[in-house]
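First the structure, in the form of structure tokens, and then the observations on it.
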Amino acid sequence: MPKYLALFRGINVSGHNLVKMAALRHFFEGLNFTEVKSYIQSGNIIFFSEISGTKQLEAHLEKEFNRSFGFKSPVLILNPEKVALALNTHPFLNDKREEDSSIYYIFLKESPATEKRDELASANYEFERCFLYEDYLYLECFKGMGKAKLNTNLIEKKLGVSATARNERTMQKLHDLLKD
């Protein structure tokens with residue numbers, strides 16, 4: 001049975017869209033997913049499913065989540081190979097970083113249109129740099145995400161697709177959990 005990672009967008013952020021992780025795990029178990037684990041409070045769920053196909057799982061989970069919790073939250077489903085690929089192809093890995101610098105992995109619901117990709121690639125931000133792959137990007141914030149101009153909301157607007165971000169430490173831990 002395939003193992004997956006669900007990344008929910010916008011739950012438990014700044015006191016909005018509050019969902020306890022125990023309730024989210026119970027929600028997954030109620031949908032007949034197995035070996036359900038959560039990691040921190042931002043909507044990261046590792047689970048096994050008989051349903052194959054990430055897009056089918058995303059649609060199913062979004063519909064059922066809205067029905068169960070009363071609000072919409074985009075969800076991105078990744079398989080362990082996708083997470084490993086994102087971690088192992090990181091373009092900033094060997095670069096020297098400033099002390100306040102932070103790295104984010106931003107996963108996109110779908111690959112953006114070429115003209116949108118080009119527009120983002122040509123933009124210049126004083127305290128951030130990004131590198132876009134097909135359906136995910138790396139964002140380095142030299143002054144931290146809280147002060148970044150190029151944040152997840154702006155990325156969604158510029159690319160025209162839903163996105164969700166996780167920091168480097170969270171992604172490494174999720175990768176480790178997927179290997180267990």
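Each residue takes its place number in the sequence, starting with 1. Atoms considered below: every heavy atom in the structure, side chains included; atoms not considered: hydrogens, waters and symmetry mates.
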Exercise for the section: Spell out, as yes or no, whether a donor-acceptor pair under 3.5 Å connects the side chain of K3 to the backbone of P80. Expected result: no
Problem - Residue pairs, two or more places apart or on separate chains, that pass salt bridge (charged side-chain N to carboxylate O under 4.0 Å, His left out) and touch residues 39-51 - result: none
Exercise for the section: Flag the pair E156 / R9 as yes when at least one side-chain heavy-atom distance between them is below 4.5 Å, and no otherwise. Expected result: yes
Fill in the blank from the handout: Closest non-hydrogen contact found for E128 with F142 is N-CD1, 3.7 Å
Fill in the blank from the handout: Rounding to 0.5 Å, atoms CZ (F28) and CG (L61) come to a distance of 4.5 Å
Handout entry: Distance, nearest 0.5 Å, that separates CD of E81 from CG of N88
Key = 12.0 Å
Problem - Closest non-hydrogen atom pair between N12 and M21, with its separation - result: ND2-CE, 3.4 Å
Handout entry: Co-membership, hydrophobic cluster, residues V75 and I46, 4.5 Å side-chain
Key = no
Exercise for the section: Taking the side chain as every heavy atom from C-beta outward, state whether E58 and L76 have any atom pair closer than 4.5 Å. Expected result: yes
Handout entry: Pairwise distance OG(S68) to NE2(H26) - rounded to 0.5 angstrom
Key = 9.0 Å
Practice task
I would like to know whether L85 and Y136 meet side-chain contact (heavy atoms from CB on, under 4.5 Å); could you show each step before the answer?
Solution key: CA-CA 11 Å; L85 178 67; Y136 60 97; 3.6 Å; yes
Practice task
Answer whether the closest heavy-atom distance between the side chains of F8 and L24 falls below 4.5 Å.
Solution key: yes
Exercise for the section: Given side-chain contact (heavy atoms from CB on, under 4.5 Å), test L7 with L174 step by step and report yes or no. Expected result: CA-CA 10 Å; L7 301 175; L174 291 168; 4.1 Å; yes
Exercise for the section: Provide the closest heavy-atom pair for S102 versus G144 in the form atom of the first, atom of the second, distance. Expected result: OG-CA, 3.6 Å
Problem - Hydrophobic cluster membership, I77 vs L5, 4.5 Å side-chain cutoff - result: no
Problem - Worked verdict on Y133 versus T89 for side-chain contact (heavy atoms from CB on, under 4.5 Å) - result: CA-CA 10 Å; Y133 281 104; T89 58; 4.0 Å; yes
Problem - OG-CG distance between S52 and L57, expressed to the nearest 0.5 angstrom - result: 8.0 Å
Problem - Check against side-chain contact (heavy atoms from CB on, under 4.5 Å), K37 and R25 - result: CA-CA 7 Å; K37 296 178 195 169; R25 287 190 305 270; 5.7 Å; no
Handout entry: Ring centre gap for Y4 and F33 strictly below 6.0 Å
Key = no
Exercise for the section: Would you check if T54 and K82 make a side-chain contact, meaning some heavy-atom pair closer than 4.5 Å? Expected result: no
Exercise for the section: Answer yes or no: is there a side-chain heavy-atom contact under 4.5 Å between L78 and F107? Expected result: yes
Handout entry: Crowding at NZ, K173 (>12 non-hydrogen neighbours, <6.0 Å)
Key = no
Practice task
Check step by step if salt bridge (Lys or Arg N to Asp or Glu O under 4.0 Å) holds for E119 and K116.
Solution key: CA-CA 5 Å; E119 181 183 325; K116 300 274 189 183; 5.3 Å; no
Exercise for the section: State yes or no: do V83 and I40 share one hydrophobic cluster built from I, L, V, M, F, W and Y residues joined by side-chain heavy-atom distances below 4.5 Å, directly or via other members? Expected result: yes
Practice task
State, yes or no, whether a side-chain contact exists between P112 and K158 at a heavy-atom distance under 4.5 Å.
Solution key: no
Exercise for the section: With rounding to the nearest 0.5 Å, note down the distance linking CD in E62 to OG in S162. Expected result: 7.5 Å
Handout entry: Distance-minimising heavy-atom pair for R117 and E134
Key = NH1-O, 3.1 Å
Problem - Non-hydrogen side-chain atoms of F71 and I11 separated by less than 4.5 Å - result: yes
Practice task
Please tell me if the side chains of T170 and Y39 come closer than 4.5 Å, counting only heavy atoms from C-beta onward.
Solution key: yes
Problem - Gap separating the CG atom of N124 from the NZ atom of K149, nearest 0.5 angstrom - result: 13.0 Å
Problem - Pair Y105 and Y138, ring centroids less than 6.0 Å apart - result: yes
Completion exercise
Heavy-atom closest pair (A148 atom, N151 atom, distance to 0.1 Å) is O-ND2, 4.1 Å
Exercise for the section: Compute whether any side-chain donor of one residue and acceptor of the other, for Q172 and D176, lie under 3.5 angstrom apart. Expected result: yes
Handout entry: Co-members of the apolar cluster containing I106 [side chain, <4.5 Å]
Key = Y104, L108, L120, Y125, L132, L137, L139, M145, L150, L154, I155, L159, V161
Handout entry: Partners passing ring pair (Phe, Tyr, Trp, His ring centres under 6.0 Å) against F127 (at least two apart in sequence or in another chain)
Key = none
Exercise for the section: Could you tell me whether K179 atom NZ has more than 12 heavy atoms of other residues or ligands within 6.0 Å of it? Expected result: yes
Fill in the blank from the handout: Between L87 and M171, the two heavy atoms sitting closest are CD1-O, 3.8 Å
